[in-house]
Amino acid sequence: MSEPHTYYRTCNLCEAMCGLEIKVEGQHILSIKGDKDDPFSQGHICPKATALEDIYHDPDRLKYPVRRTPSGWQRISWDEAFDEVVSNIQRIQGVHGRNAIGVYLGNPNVHNLGLILYNAPFIRSLKTKNRFSATSVDQLPSQYAAYLMFGHQLLFPVPDVDRTHYFLMLGANPLASNGSLMTAAGIENRLKALQKRGGKLVVIDPRRTETAVLANEHHFIHPGTDALFLLALIHTLRAEGLVKLGRLAEFTDGLETIEQVAADFAPEEVAGHTGIAADEIRRMARELAAAESGVVYGRIGVSTQKFGGLCQWLINVLNVLTGNMDAPGGAMFTRPAVDVVGLTTLTGQTGSVGRAHSRVRGLPAIGGEFPSAAMAEEILTPGEGQIRGMITVAGNPVLSTPNGAQLDQALAQLDFMVAIDIYINETTRHANIILPTTTGLETEHYDLVFHLLAVRNTAKYSPALFEPEEGMLHDWQVLGELRQRLEGGGSINRKTLPGKLEFQKRLPPHKLIDLALRFGPYGARPLTGTPTGHNLTLAKLKRAPHGIDLGPLEPILQERLLTSNRRIMLAPEPLVADLARLKETYPTRSGRSVTEPDELVLIGRRDLRTNNSWMHNAPRLVKGKERCTLLMHPADAAARQLAHGQVVAVASRVGQVTLPLEVTEAVMPGVVSMPHGWGHGREAIQLSVAQAHPGVSINDLTDECELDVLTGNAAFSGTAVIVTPL
Ligand SMILES: Nc1nc2c(c(=O)[nH]1)N[C@H]1C(S)=C(S)[C@@H](COP(=O)(O)OP(=O)(O)OC[C@H]3O[C@@H](n4cnc5c(=O)[nH]c(N)nc54)[C@H](O)[C@@H]3O)O[C@H]1N2
Ligand SMILES: Nc1nc2c(c(=O)[nH]1)N[C@H]1C(S)=C(S)[C@@H](COP(=O)(O)OP(=O)(O)OC[C@H]3O[C@@H](n4cnc5c(=O)[nH]c(N)nc54)[C@H](O)[C@@H]3O)O[C@H]1N2
Ligand code: SF4
Ligand SMILES: [Mo]
């Protein structure tokens, strides 16, 4: 019998970075609790943490490679699997060219150390332009704005929630999501602390969310009109002489242009469109300007809409105009122990706009990726450069990208598909081969991405709790092996691979982390700056199992800026130019509705006990009442003679789904809401628990043609739908 052992690690399911205390005896998990001694999370966890046990023991989880055959999935050896995958990729690229292979990276890539380190070299070895990821259904507008304004797509400003006095939040519901591009474990307590110190939380959302209920103020806004609201705030600051850049004035360009463009957007001009009264907009602008410190922040609701790029730009602009950018209590930049911004600058991955265009719709590649909304058409449209083979890595785009049903059909007609994934789900069921990997508690972890987005600088290494079962491989081993075999095949010219990345091939993740720590900002030999005395190494982190606190965020933007003149670009030309599209959509003073009389606009939502599409197989997360429902305002329900609890049909240009109706005043009139990530009723998946709670997919309604054309990000929010009784 093995002795019980207590492990400490960081939960890698969402962005919050909660410290866990896990008691284990042999293969048994005795308990999973919040780690009170974790300096960052201080004991906070959510219900998903205990589901790590369900994932570990899930009988549906794949443990060995499988091949799809007419008589079902067949177990094969790793060697056979790698051979078959590599020979098919090479065959397709040999006949149809390198772009005939497409690749899609899903969200868990950023939550998994091995994937994040080994993806880039693997994908380079494919030499295809047809690269897609969850970025273009998520935070692409933030990356786009950061790239143009600060010179690096990963220079994300993080709201300094622990010190701010005025928090204006648009299109985010951290009480359900636990925070995003704002890693802040225990966010509810942090927001309550803000209120206790006399600060104010103001939420702008078409739905009265859990966060809106907590807030001091909540304003409904018509979906998609946030850019107008933000411009009216800027207009007010300017009109009332409230613009004060403070120390930012020394290194900011473009103020005049901003003041000029905002002139057209007086609060009265936009009030009709947004649904927020002009006086209220003025008051909010004054309160933001008057606050000792304040921050504007916007997430999924303002990114996944037609003007996502404009929204994230204008949010940054507001933080600059009020002197809150890079200032305590405002929007700040991290100095993580592994300097992701610095390292990706060395490897030339600061970002890019429009270096290539997609074959069918001519959409620009941003950061080297095409919009995921264009994936299906690139598979379905014949001609030179058509995608004939796909690789998905930890992604479920059939449920997570717009018009998923069309993609579902597209994947079914590929010549070859391989999925690196742990389940047979709506997407991976189309694969010819699935290469499964270890996950969660079987993997060592260091949070490369979320330390970059955290409201405080900390560092923590998480050991694996369990050895991989006999014959299982880690994600990074699978990617490393594929890359090696692809290159060994002779079709790839090694010389074009950046020399700096060569070493990744030979080093396991923890060695890379050790190196990055030593040469990082808190290492003994920092690549930039002077040593702090922390002398961080992996060994030092291992001796501090709860993690190490590295202090509050500090003003560091000036030294970090990577724009060509090392100044903040307040008015980048492509963003200024995009205002014309906004004006066209919402003509001044017209109050015109952009929907037809019968139409409602559909928005999304998240639920504390979900994680996008892939955790519905954990029994403890799906029990209880049905959560895949349509929320509708009583007035809209009455107008359609629909009753609470009734099953309704929801139809859009691209499809139709049926689901139960919840009549509630928590959504504004004209708007309906349903969650994403459901839709497990499709054939031939192997998720026995999820199949018993299938729900329907919102992305069978969202439209691949509805985009923020500037960034290529999907515009889920604001899909026009008709709702009728079933
Ligand atoms: N309508 C609408 N659509 C949305 C959104 C929305 O708000 N509304 N949100 C969007 C957002 S923000 C995102 S990030 C995307 C997410 O979109 P995706 O990333 O495409 O979807 P996930 O549901 O996260 O799927 C994760 C996949 O990774 C697998 N997986 C989990 N852990 C591991 C692992 O350790 N290794 C490997 N190899 N595989 C693993 C799972 O089995 C699953 O197949 O969805 C987007 N879609
Ligand atoms: N429990 C749970 N946590 C998660 C996830 C999950 O699936 N479940 N997913 C993770 C991922 S991948 C991400 S990216 C984050 C996302 O984190 P958040 O952005 O905080 O997540 P959401 O709950 O989708 O919040 C989006 C809000 O935008 C509102 N909204 C919709 N349209 C508009 C609009 O036009 N304007 C405005 N102002 N608001 C609008 C919606 O009503 C919703 O309340 O959450 C992460 N955390
Ligand atoms: S909030 Fe996120 S990080 Fe924290 S326990 Fe829940 S899923 Fe894990
Ligand atoms: Mo996301």
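Every number for a ligand or one of its atoms is a count from 1 in the order of the listing. None of these values were measured; they are calculated from a predicted model.
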*Within reach of ligand 1, part of L399 (heavy-atom separation under 4.0 Å)*: neither
*Should you measure from each heavy atom of N107, which atoms of ligand 2 turn up under 4.0 Å away?*
12 (S)
*Please confirm whether N612 comes within less than 3.5 Å of ligand 2 when only nitrogen or oxygen atoms on both sides are compared.*
yes
_ligand 2 N/O within reach of T225 N/O, cut-off under 3.5 Å_ = no
*asked:* Check this for me - ligand 2, D138, N or O atoms closer than 3.5 angstrom, yes or no?
replied: no
*Which ligand 2 atoms are under 4.0 Å away from a heavy-atom of D607?*
1 (N), 2 (C), 8 (N)
*Can you list the ligand 2 atoms lying under 4.0 Å from a non-hydrogen atom of A176?*
1 (N), 2 (C), 3 (N)
*Between E442 and R61, is the closest basic N to carboxylate O distance under 4.0 Å?*
yes
*Backbone, side chain, both or neither: what part of N699 comes under 4.0 angstrom of ligand 1, heavy atoms only?*
side chain
*How many angstroms lie between atom CG of L621 and atom CZ of R627, to the nearest 0.5 angstrom?*
7.5 Å
*Numbered atoms and elements of ligand 2 in range of D226, under 4.0 angstrom, heavy atoms*: 34 (C), 35 (O), 36 (N), 37 (C), 38 (N)
*Any N or O on P206 sitting closer than 3.5 Å to an N or O of ligand 2?*
no
*Backbone or side chain, does any N or O of K48 fall under 3.5 Å from an N or O of ligand 2?*
yes
_Against ligand 2, does G224 come closer than 4.0 Å with any heavy atom?_
yes
*Taking only heavy atoms of Q305, which atoms of ligand 2 are found under 4.0 Å from at least one of them?*
35 (O)
*Going by distance only, is there an N or O of C14 that falls short of 3.5 Å from an N or O of ligand 2?*
no
*asked:* Does any N or O of ligand 1 fall below 3.5 Å from an N or O anywhere on N396, backbone included?
replied: yes
*Just heavy atoms, cut-off under 4.0 Å: does P108 contact ligand 1 by side chain, backbone, both, or neither?*
side chain
*Over 12 foreign heavy atoms within 6.0 Å of OH, Y64*: no
*Between H676 and F716, does the ring centroid distance fall short of 6.0 Å?*
no
*Touching ligand 1 at all, G677? Heavy atoms, strictly under 4.0 Å?*
no
*Check D475 against ligand 1 and report side chain, backbone, both or neither, counting heavy atoms closer than 4.0 Å.*
side chain
*With a 4.0 Å heavy-atom cut-off (strictly under), which part of I603 contacts ligand 2: side chain, backbone, both or neither?*
side chain
_For atom 34 (C) of ligand 1, tell me which residue out of T304, T439, N109, T401 has the closest non-hydrogen atom._
T439
_Once you restrict to heavy atoms under 4.0 Å, what part of S180 touches ligand 2? Side chain, backbone, both or neither._
side chain
*Give the contacting part of I698 toward ligand 1: side chain, backbone, both or neither, where contact means a heavy-atom distance below 4.0 Å.*
side chain
*Contact atoms of ligand 2, heavy-atom distance to G604 under 4.0 Å*: 41 (C), 42 (O)
*NZ of K48: more than 12 outside heavy atoms within 6.0 angstrom?*
yes
*Ligand-residue contact atoms, ligand 1 with S613, heavy atoms, under 4.0 Å*: 22 (P), 23 (O), 25 (O)
*Quick one: does ligand 1 sit under 4.0 Å from the side chain of V137, the backbone, both or neither, non-hydrogen atoms only?*
both
*asked:* Heavy atoms only, cut-off 4.0 Å: how does F716 contact ligand 1, side chain, backbone, both, or neither?
replied: side chain
*Report the part of D421 in contact with ligand 1, treating N, CA, C, O as backbone and CB onward as side chain, heavy atoms under 4.0 Å; options are side chain, backbone, both, neither.*
both
*ligand 2 contact by T209, heavy-atom criterion under 4.0 angstrom*: yes
_Closest candidate by heavy atom, reference atom 11 (C) of ligand 1, pool Q139, R299, M615, R606_ = R606
_So if I apply the side chain to side chain contact (heavy atoms under 4.5 Å, CB included) rule between S673 and each of I603, T664, L630, which one comes out positive?_
I603
